[in-house]
There are 4 protein chains.
Amino acid sequence: MAGVNKVILIGNLGADPEVKYLEGDKVVANISLATTEAYKDRNGNRVEQTEWHDLELWDQQAKIAEQYLKKGSQIYVEGKIKSDKWQDEQGQNRKKIRIRVLNFTMLGGRPEGGGMPQSNEMSSPASTPTRSAQPAPEMKEIEDDDLPF
Amino acid sequence: MAGVNKVILIGNLGADPEVKYLEGDKVVANISLATTEAYKDRNGNRVEQTEWHDLELWDQQAKIAEQYLKKGSQIYVEGKIKSDKWQDEQGQNRKKIRIRVLNFTMLGGRPEGGGMPQSNEMSSPASTPTRSAQPAPEMKEIEDDDLPF
Amino acid sequence: MAGVNKVILIGNLGADPEVKYLEGDKVVANISLATTEAYKDRNGNRVEQTEWHDLELWDQQAKIAEQYLKKGSQIYVEGKIKSDKWQDEQGQNRKKIRIRVLNFTMLGGRPEGGGMPQSNEMSSPASTPTRSAQPAPEMKEIEDDDLPF
Amino acid sequence: MAGVNKVILIGNLGADPEVKYLEGDKVVANISLATTEAYKDRNGNRVEQTEWHDLELWDQQAKIAEQYLKKGSQIYVEGKIKSDKWQDEQGQNRKKIRIRVLNFTMLGGRPEGGGMPQSNEMSSPASTPTRSAQPAPEMKEIEDDDLPF
DNA sequence: TTTT
DNA sequence: TTTT
């Protein structure tokens with residue numbers, strides 16, 4: 001049967017996206033995303049629990065991520081769980097889980113670099129000053145699910 | 001900020017739940033769940049991709065899983081991604097990801113054992129014949145999120 | 001900002017889909033879907049609450065629904081909330097909300113007509129006997145979001 | 001069967017929450033939330049589509065909404081679809097759909113009032129100046145699903 | 001109007 | 001290891 005494998009995250013980037021340009025015009029971006037949950041423990045003390053997720057974006061989405069996301073950005077993500085398997089040097093079976101991003105949206109958060117007159121617009125990362133600020137793409141339109149794995 | 005970390009799955013159990021009774025009245029069930037996606041490759045051939053998920057259920061939910069779920073059962077699951085970290089024998093940092101189940105529901109599928117007059121009811125696993133068939137609990141009511149980690 | 005408007009339902013059809021073929025090769029299917037929730041009231045009595053949802057499917061999805069779904073079918077649905085507004089005969093503003101289905105999957109439930117050797121396959125509705133049983137399409141592949149409204 | 005009826009929204013408040021204190025310590029907040037989707041039409045022109053949702057929050061959540069949300073606030077919402085039915089003056093059956101909020105989270109957006117040192121914290125609405133700024137509650141902890149309808 |  |  002066709003199953004369902006869906007992940008929804010809201011969190012902040014722990015670092016700028018890592019982008020690689022591969023042969024054949026493929027582009028992949030890897031992002032480390034923190035989702036934080038807070039609760040009270042049995043003594044009534046507030047405890048924070050942070051989970052780090054490895055996100056993987058391809059092609060058009062990877063390029064948008066490279067252009068608009070940076071360390072600290074808050075995003076909404078939809079994707080699916082996907083595992084890579086291999087054998088390590090000891091011949092042990094290993095498995096790594098990533099979130100394959102199907103679409104994402106930037107959320108609030110006036111970029112700290114300042115200068116932007118309103119919230120919610122996207123900033124060009126300070127680290128890529130050669131890119132001038134551009135009209136923000138409508139991210140929800142960009143869905144990239146042609147890679148089935 | 002309070003983030004969002006949500007997983008939604010529909011799939012089939014690869015084996016009967018593994019249930020452990022711990023000290024302090026704690027119960028944990030581990031389930032291996034397959035979500036299958038089918039697509040056509042570039043040659044138009046149908047390809048199936050199966051992802052296996054490690055689910056973890058606690059206490060009341062673990063008991064219900066033990067009682068009603070078995071190999072092959074189809075379920076809907078809501079939960080969150082949760083990682084365990086440790087060092088292996090080589091002193092390498094290791095990380096294992098599980099889905100902490102917050103609620104689940106059994107889906108269709110008249111149990112093959114027969115005898116059940118209607119679809120959708122839950123079957124007592126053949127492997128635990130000492131439990132007689134019982135009225136199915138309303139699974140959606142049973143949410144178990146008191147363990148924050 | 002690009003927002004998020006997402007609906008996830010699992011329920012049963014209250015009747016066969018109503019399908020209309022429009023000019024320009026457009027097809028629309030309307031489906032009434034029941035989602036049932038059970039809970040205990042303050043006296044400990046089990047109460048059932050059913051919500052009926054008006055689903056709207058277009059084109060390829062509408063055709064699949066026509067072919068494979070019927071009264072009683074259990075489905076998983078992803079879609080978005082969409083309102084139609086108009087003025088009634090009294091000149092009052094009216095609003096009707098529908099779920100625009102973006103993708104759906106049939107769930108378990110051996111069709112009661114019998115004859116099908118395994119669970120989970122799709123049945124040709126008894127009411128359209130001229131359509132012979134066909135290989136089930138992989139429904140998750142069929143996403144239809146080209147109509148933005 | 002226990003069904004699934006889930007709504008996930010990210011959008012902005014069209015106005016301050018409307019809060020009513022009812023007898024028996026019940027509190028209800030009504031919120032009008034806009035989710036905006038943008039797409040290109042067949043001529044390549046960018047079109048925006050906004051859907052307005054009627055949200056309903058109860059008790060503890062209603063109070064938090066009153067205290068921290070205001071016109072323009074961006075929030076993430078999880079809830080379920082819920083309809084009210086009645087007969088209008090003409091004796092016609094009428095139905096109104098609301099989103100019963102089960103939990104919500106404030107998103108980014110440094111409040112325009114200024115003064116707040118960091119992004120993501122919540123602001124006390126200017127319209128309730130008698131409430132001094134308070135430590136932001138962890139909203140994800142506050143789930144209110146004891147009202148089953 | 002479904003389903004259990 | 002499931003399911004179709």
Side-chain angles (χ1 to χ4, degrees), chain A residues 1-5 93, chain B residues 9-18 30-39 46-55 68-75 77 105-112 116-123 133-141, chain C residues 9-18 30-39 46-55 68-75 77 105-112 116-123 133-141, chain D residues 1-5 93:
Chain A
M1 211 266 324
V4 173
N5 173 359
N93 290 322
Chain B
L9 304 173
I10 295 179
N12 298 85
L13 276 71
D16 291 353
E18 293 182 11
N30 287 282
I31 287 177
S32 187
L33 190 79
T35 59
T36 300
E37 184 181 9
Y39 60 93
R46 188 174 173 282
V47 185
E48 274 201 358
Q49 196 89 15
T50 292
E51 186 69 40
W52 288 96
H53 308 269
D54 294 313
L55 312 185
Y68 294 101
L69 301 184
K70 61 176 175 179
K71 181 174 174 172
S73 298
Q74 186 188 31
I75 58 174
V77 165
T105 302
M106 285 200 69
L107 297 175
R110 189 173 298 170
E112 78 279 0
M116 294 298 190
Q118 286 148 327
S119 62
N120 274 113
E121 79 278 58
M122 281 157 275
S123 72
Q134 298 176 26
E138 282 312 310
M139 293 204 166
K140 285 296 293 176
E141 294 178 44
Chain C
L9 304 173
I10 294 179
N12 299 85
L13 276 72
D16 292 351
E18 293 183 10
N30 288 283
I31 287 178
S32 188
L33 189 79
T35 58
T36 300
E37 184 181 8
Y39 60 93
R46 188 174 174 281
V47 184
E48 275 201 358
Q49 197 88 15
T50 293
E51 186 70 40
W52 287 96
H53 309 269
D54 294 313
L55 312 185
Y68 294 102
L69 301 183
K70 61 177 175 178
K71 181 174 174 172
S73 299
Q74 187 189 29
I75 57 174
V77 165
T105 301
M106 285 200 68
L107 297 174
R110 188 172 298 169
E112 78 280 0
M116 294 299 190
Q118 288 149 327
S119 62
N120 274 111
E121 79 279 54
M122 281 157 275
S123 72
Q134 298 178 26
E138 283 312 311
M139 293 204 166
K140 284 296 294 176
E141 293 177 42
Chain D
M1 211 267 324
V4 172
N5 173 359
N93 290 322

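Numbered from 1 within each chain, the chains take letters A, B, ... in sequence-line order. The model shown is predicted, which means the values in this text are computed figures rather than measured ones.
With sequence neighbours excluded, no residue forms a side chain to side chain donor-acceptor pair (under 3.5 Å) with B/Asn30.
Looking at heavy atoms from C-beta onward, C/Ile31 lies out of side-chain contact with C/Val77 at the 4.5 angstrom threshold. The closest side-chain heavy-atom distance from D/Asn5 to C/Glu37 is not below 4.5 Å.
Distance CD/C/Gln74 to CG/B/Leu107: 5.5 Å, rounded to 0.5 Å. In this structure, B/Asn12 CG and B/Leu33 CG are separated by 7.0 Å, a value rounded to the nearest 0.5 Å. Interatomic distance, C/Tyr39 OH to C/Glu48 CD, rounded to the nearest 0.5 Å: 10.0 Å.
Considering only side-chain atoms of C/Arg46, the nucleotide from F/dT4, F/dT1, E/dT4 that sits closest is E/dT4. In this structure, the nucleotide among E/dT2, F/dT3, F/dT1 sitting nearest to the side chain of C/Thr36 is E/dT2. Minimum atom distance to the side chain of C/Lys71 is reached by E/dT2, of the listed F/dT4, E/dT2, F/dT3. When each of E/dT3, F/dT4, F/dT1 is scored by its nearest atom to the side-chain atoms of B/Glu48, the top-ranked nucleotide is F/dT4.
Here the P atom of nucleotide F/dT2 and the CG atom of B/Asp16 are 12 Å apart, to the nearest Å. Protein atom CG of B/Leu69 is 16 Å distant from nucleotide atom P of F/dT2, rounded to whole Å. Atom CG in C/Leu13 sits roughly 10 Å away from atom P in E/dT3 (whole-Å rounding). Between C/Gln49 atom CD and E/dT4 atom C1' there is a gap of 16 Å when expressed in whole angstrom units. Nucleotide F/dT2 holds its P atom 15 Å from the CD1 atom of B/Ile31, rounded to whole Å. In this structure, the CG atom of B/Asp54 is 11 Å from the C1' atom of F/dT1, given to the nearest Å. Note: CD (B/Glu51) to P (F/dT3) measures 18 Å, nearest angstrom. We find that CG of D/Asn93 is positioned 12 Å from P of E/dT1, with the value rounded to whole Å.
Using a 4.0 Å heavy-atom criterion, one finds that C/Ser73 contacts no nucleic acid atom at all.
At a cut-off of 3.5 angstrom, the base of E/dT1 holds no donor-acceptor pair with the side chain of C/Thr50.
In terms of modelled atom types and a separation under 3.5 Å, the side chain of B/Asp16 and the main chain of B/Lys71 share a donor-acceptor contact.
Stacking between B/Trp52 and F/dT1 is present: the aromatic ring centre lies within less than 5.5 angstrom of the base six-membered ring centre, and the two planes differ by under 30 degrees.
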Practice item. Both distances under 3.5 Å, Watson-Crick or G-U wobble: on that basis, could you give the dot-bracket string for DNA chain F, with [ ] for crossing pairs and | for other-strand partners? Key: ....
